[in-house]
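Reviewing the structure listed below.
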Amino acid sequence: MLLLVGTCLVAFVLLLYMLSPLISPKPLALPGAHVVVTGGSSGIGKCIAIECFKQGAFITLVARNEDRLLQAKKEIEKHSINDKQVVLCISVDVSQDYSQVENVIKQAQEKLGPVDMLVNCAGMSVSGKFEDLEVTSFEKLMSINYLGSVYPSRAVIATMKERRVGRIVFLSSQAGQVGLFGFTAYSSSKFAIRGLAEALQMEVKPYNVYVTVAYPPDTDTPGFAEENKTKPLETRLISETTSICSPEQVAKQIVKDAIQGNFNSSVGSDGYMLSSLTCGMSPVTSITEGLQQVVTMGLFRMLSLFYLGSFDNIIRRCMIERAKYETADKTA
């Protein structure tokens, strides 16, 4: 009896595996495609632009700093595969004025054609204890990290739906999957990205437009280096429990997942575990992906308890050490 049940289960899984490609989206062809990358003058955004350019795409870089944009343009152009490719640079703050963002997207489309893929990489991080952070920090991060993704996406979505083709990529963070000490402002702005992405995917899927949410780990970028200057000790020690990824590695995975139309994009074993743990009601691109999440979620939940316990121990040790120093200062 058990053998029969096992055989039926294996047959069922194999059937789902064979049917899986039939429900998966058709991959987006990058040669000749128009890819817009916000926050594309440095870090992960620049590396994504390079990766797309290597595959034959036309690139529009959007960022605030004109000098860094021009420098990034020169770096990207070194990776062209034909003499027809173009890198267009537009300087604008994507988080401040929607009408201005809409206008620059129109300019880009007039020069390079309709946007086939939008990659929202504009963002920043501020860390600190909840009571130490200025209220303006929460407002600033929600503006840059959240609205800075809403505005460009809003500017391209109508054309994508009309053409029945498109990809929209949102850059969240592993801190957008699990809230961490010192990231009350940052995590909340990155968690908001997921809510936006899930709701938007449900709206645009019938039009053959697919959304990807990327959850990169700590990545060796100028933004990460700047973040470390003010990061609380607890946050830094928790971050050091995992390795730092290169922006090139992260970019390759994001582009690969976006092309395939995958909703989740993660890097490494920790990223895979977090994506499975936090999948909830998020969309799946294939039945195989859904089955993997069902099978692994229980085991990963057990592992996560060990992670959370180690984080709590780090915070407790820091608290004890800080109390010792304060006592010593008072008695000195």
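What you see is a predicted model; the values in this text were computed from it and never measured.
Checked by atom type and distance alone, the side chain of Asp93 never pairs as donor or acceptor with a backbone atom of Arg64 at under 3.5 Å. Remark: the backbone N or O of Tyr272 is not paired with any side-chain donor or acceptor of Ser275 at under 3.5 angstrom. Counting only distance, with no hydrogens or angles, the side chain of Gln201 and the backbone of Tyr210 share no donor-acceptor pair below 3.5 Å. Remark: the backbone N or O of Ser239 is paired with a side-chain donor or acceptor of Thr242 at under 3.5 angstrom. Judged by distance alone, with hydrogens and angles left aside, the side-chain atoms of Gln109 form a donor-acceptor pair with the main-chain N or O of Val115 at under 3.5 Å. Without hydrogens or angle criteria, Thr235 side chain to Phe181 main chain gives a donor-acceptor distance under 3.5 Å. The backbone N or O of Leu171 sits less than 3.5 Å from a side-chain atom of Lys190, completing a donor-acceptor pair. Put simply, the side chain of Asn65 gets close to the backbone of Asp67: a donor and an acceptor are under 3.5 Å apart. For the pair Ser286 (side chain) and Glu289 (backbone), a donor-acceptor distance under 3.5 Å is present. Of the possible donor and acceptor atoms, none in the side chain of Ser143 sits under 3.5 Å from a partner among the backbone N and O of Glu139.
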Item to check | Steps toward side chain to side chain contact (heavy atoms under 4.5 Å, CB included) verdict (Phe263, Val213) | outcome: CA-CA 6 Å; Phe263 183 76; Val213 186; 3.7 Å; yes
Item to check | side chain to side chain contact (heavy atoms under 4.5 Å, CB included) between Val250 and Cys47, worked out | outcome: CA-CA 8 Å; Val250 173; Cys47 290; over 6 Å; no
Next on the checklist: Apply side chain to side chain contact (heavy atoms under 4.5 Å, CB included) to residues Phe300 and Gln293 and explain how you reach the verdict.
Outcome noted: CA-CA 10 Å; Phe300 286 158; Gln293 292 168 350; over 6 Å; no
Next on the checklist: Would Lys106 and Glu110 count as a salt bridge (charged side-chain N to carboxylate O under 4.0 Å, His left out) here? Give the steps.
Outcome noted: CA-CA 6 Å; Lys106 285 181 179 178; Glu110 287 171 1; over 6 Å; no
Item to check | Lys140/Glu134 under side chain to side chain contact (heavy atoms under 4.5 Å, CB included): CA gap, chis, key distance, verdict | outcome: CA-CA 10 Å; Lys140 186 176 183 179; Glu134 297 290 338; over 6 Å; no
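Phe170 is connected to Tyr215 through a chain of hydrophobic side-chain contacts under 4.5 Å among Ile, Leu, Val, Met, Phe, Trp and Tyr, so both are in one cluster. By the rule that hydrophobic residues join a cluster once side-chain heavy atoms approach within less than 4.5 Å of another member, Val165 and Leu118 end up as members of separate clusters.
Between the side chains of Gln85 and Ser80, not a single donor N or O lies within less than 3.5 Å of an accepting N or O. For Gln249 and Gln253, the side-chain atoms include no donor-acceptor pair closer than 3.5 Å.
Between atom CG of residue Asp218 and atom CG of residue Asn228 there is a gap of 7.5 Å, rounded to the nearest 0.5 Å. Here the CD atom belonging to Glu198 is positioned 8.5 Å from the CE atom belonging to Met281, to the nearest 0.5 angstrom. One distance of note links CD1 of Ile59 with NE2 of His79; it measures 11.5 Å at 0.5 Å rounding. Residue Ser188 holds its OG atom at 11.0 Å from CD1 of Ile193, rounded to the nearest 0.5 Å. Taking CE of Met124 as the start and CD1 of Ile144 as the end, the distance is 5.0 Å to the nearest 0.5 Å. Rounding to the nearest 0.5 Å gives a distance of 8.5 Å between CD of Gln107 and CG of Leu88.
Taking the six-membered ring wherever Trp is involved, the centroid distance between the rings of Phe138 and Phe130 falls below 6.0 Å.
In summary, Glu77 and Lys73 engage in a salt bridge, as defined by a charged side-chain N under 4.0 Å from a carboxylate O. Electrostatic pairing of Lys229 and Glu226 counts as a salt bridge here, judged by a charged N lying under 4.0 Å from a carboxylate O.
Within 6.0 Å of the CE atom in Met297, the count of heavy atoms belonging to other residues, nucleotides or ligands exceeds 12. For Tyr207, the OH atom is loosely surrounded, since the number of other residues' heavy atoms within 6.0 Å does not exceed 12.
No side-chain heavy atom of Gln260 sits under 4.5 Å from any side-chain heavy atom of Thr285.
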Under 3.5 Å, side-chain donor or acceptor atoms of residues 153-161 against the rest of the protein: list the pairs with distances, not counting sequence neighbours.
unit_1	atom_1	unit_2	atom_2	d
Ser153	OG	Asn120	ND2	3.1
Ser153	OG	Ser149	O	2.7

